[in-house]
Amino acid sequence: MWLYDELLRIVGDAERVSVNGAVLEQHSKGISYHSPRMPDVVVFPVSKEEVSRIMRFANENKVAVVPFGAGSSLEGHIIPLNGGISLDFTLMNEIISVRPDDFIVTVQPGVTRNQLNQALKKYGLFFPVDPGADATIGGMTATNASGTNTVKYGVMRDQVLGLELVLADGSSIRTGGYSYKSSAGYNLTGLFVGSEGTLGVFTEIILKLQGIPETTIDIKATFPSIEAAGIAATVLLKAGLPIGKIELVDQKTIQAVNAFKNTSYREEPTLFMEFSGSEPEVTNSLEIVQEIIKDEQCVTFEFENDSIKRAQLWEARHQAALAIIAANPGKGHMVTDVCVPLSELSDALQYTRKIVDQYGIDAVIFGHVGDGNYHAVFSVDTQDEEHMKQVEEVHTQIVQYALSKGGTCTGEHGIGLGKKKFLQEEHGDTLSIMKGIKTMVDPNNILNPGKIFDNVPLSAPFELK
């Protein structure tokens with residue numbers, strides 16, 4: 001219990017240091033199929049100073065530290081492979097300042113996406129990154145999250161203007177600032193965004209905001225095949241329309257949603273789209289979309305501008321993950337998230353469905369096709385070794401196809417545990433540089449060890465190969 005006692009001495013509040021079994025279990029896993037691992041203790045800091053003291057103690061004693069947000073990780077980022085400390089940022093959830101005239105907000109890492117947007121409404125502003133779950137801003141920053149709005153607003157790295165973070169030795173630094181652009185030195189903000197808790201611990205995050213659009217229209221269109229839906233998405237993007245969202249789900253996803261919600265949506269590949277802006281611009285876009293997709297094998301076409309009905313129109317997309325989990329009780333949730341160039345999207349979707357069917361694996365396909373990012377979702381029996389070998393083979397073929405077309409092994413979920421071998425394939429020539437950076441800022445390898453890279457000693461001198 002020495003670790004508990006030392007952390008209690010640092011924090012000084014028994015309610016914020018826990019070795020309770022239920023709390024440890026909660027912090028042992030995300031919502032994915034990866035095997036859980038209990039931390040030795042969970043700590044709930046409330047300030048940068050506490051985080052600094054905890055990190056200094058952990059570094060001196062070579063105790064692993066894993067930052068924890070909302071627990072929605074899909075690649076095992078928050079699993080404490082080496083035990084140690086799970087650093088839960090639930091209580092660091094203050095919106096520090098809103099600068100509406102600058103379209104900027106500064107938040108602590110435990111602020112959630114929905115919490116932030118509720119607070120921004122009165123200013124006529126919103127934060128656009130929407131990964132689906134009500135994730136924390138810290139977790140979204142750590143994985144460079146994106147989601148449904150990416151096609152219009154970009155990914156998390158495009159929204160983060162600056163960071164305050166604590167390094168492994170307990171020292172605190174700031175990167176970036178309140179300006180929208182800078183050419184001053186290396187882009188360290190961009191380096192730490194997407195670093196998955198392996199380089200530092202965020203304590204403040206400066207974000208860029210957007211104005212709430214005047215008018216929004218949502219569209220749902222069905223197609224006879226997933227390939228036809230993919231081609232239609234590509235054609236719409238080429239038309240130069242102000243698309244805010246464009247999402248695709250296959251018929252198996254709709255079937256799962258119908259069973260989960262007792263609905264009766266058409267069980268066909270479906271595109272969900274959103275257009276926002278001035279009323280004339282949005283109305284014109286709607287007319288053009290109708291003209292385009294009627295020539296692209298569109299079967300049905302619906303649109304809504306009422307906020308409640310728009311939410312209903314999107315229900316089949318937003319409920320997809322929960323529906324799939326509910327349809328497969330007791331199974332693990334495994335999600336790929338490859339991203340390919342837009343010109344390769346339709347062929348990639350077709351290839352993915354072919355491989356899945358060839359192996360007889362139960363899988364659904366959906367994704368943020370406006371940026372070439374799509375998911376194949378498997379419900380897996382982690383106790384069945386033969387089944388897991390087949391699933392991993394399918395997973396490997398999907399990723400290698402994406403890489404062969406100039407794509408990436410992960411568009412938004414990150415490397416974590418599940419994509420480490422693919423990082424070697426994708427960026428093998430620069431992996432030594434990445435490891436060199438890790439060694440420099442975390443020589444004792446205490447920050448989320450075993451993620452992104454294999455859990456190997458990183459104390460060797462930096463060497464560019």
Exercise. Within 45° of the six-membered ring axis of Y178 and under 6.0 Å from that ring's centre, is NZ or CZ of R99 located there?
Worked result: yes
For this session: Might you confirm whether atom OH of Y180 has over 12 heavy atoms from other residues, nucleotides or ligands at distances under 6.0 Å?
Result: yes
Exercise. Using 4.0 Å as the upper bound for N to carboxylate O, is an ion pair formed by K48 and E204?
Worked result: no
Problem set entry | Minimum heavy-atom distance between G84 and V63, given as atom pair plus value | CA-CG1, 3.9 Å
For this session: Report the distance from atom NZ of K354 to atom CD of E227, rounding to the nearest 0.5 Å.
Result: 11.0 Å
Exercise. Salt bridge between D381 and K331, side-chain N to carboxylate O under 4.0 Å?
Worked result: no
Exercise. Stepwise, does the side-chain contact (heavy atoms from CB on, under 4.5 Å) test hold for H333 with Y33?
Worked result: CA-CA 5 Å; H333 191 59; Y33 70 103; 5.8 Å; no
Exercise. Between K421 and E392, is there a salt bridge with N-O shorter than 4.0 Å?
Worked result: yes
For this session: Mind telling me whether F68 and H27 have parallel, tilted or perpendicular rings, with 30° and 60° as the class edges?
Result: tilted
For this session: Using a strict 4.0 Å threshold on nitrogen-to-oxygen distance, state whether K419 and D337 make a salt bridge.
Result: yes
Problem set entry | Flag for N59-N444: side-chain donor and acceptor within less than 3.5 Å | yes
Seminar exercise, completed: When rounded to the nearest 0.5 Å, the distance separating CD of E50 from OG1 of T203 is 12.5 Å
For this session: Please round to the nearest 0.5 Å and tell me the distance separating atom NZ of K245 and atom OG1 of T150.
Result: 10.5 Å
For this session: Calculate, to the nearest 0.5 Å, the distance between atoms OG1 and NE2 belonging to T352 and H395 respectively.
Result: 10.5 Å
Problem set entry | Note: D454-K420 ion pair, threshold 4.0 Å (strictly below) | yes
Exercise. If you measure from the Lys or Arg side-chain nitrogens to the Asp or Glu carboxylate oxygens, is any gap between K451 and E196 under 4.0 Å?
Worked result: no
Seminar exercise, completed: I137 and L116 have their tightest heavy-atom pair at CD1-CD2, 4.2 Å
Problem set entry | Polar contact flag, side-chain donor to acceptor under 3.5 angstrom, E426-T408 | yes
For this session: Assess whether atom NZ of K238 is packed by more than 12 heavy atoms of other residues, nucleotides or ligands within 6.0 Å.
Result: no
Seminar exercise, completed: Rounded to the nearest 0.5 angstrom, the OH-CG distance for Y351 and D347 is 12.0 Å
Exercise. Minimum heavy-atom separation for S52 to V166, with atom names?
Worked result: OG-CG2, 3.6 Å
Problem set entry | Rounded distance (nearest 0.5 Å) linking atom CD of Q108 with atom CZ of F89 | 9.5 Å
Exercise. Is the number of heavy atoms from other residues, nucleotides or ligands under 6.0 Å of E385 CD greater than 12?
Worked result: no
Seminar exercise, completed: In terms of heavy-atom contacts, A119 and I95 come closest through CB-CD1, 3.5 Å
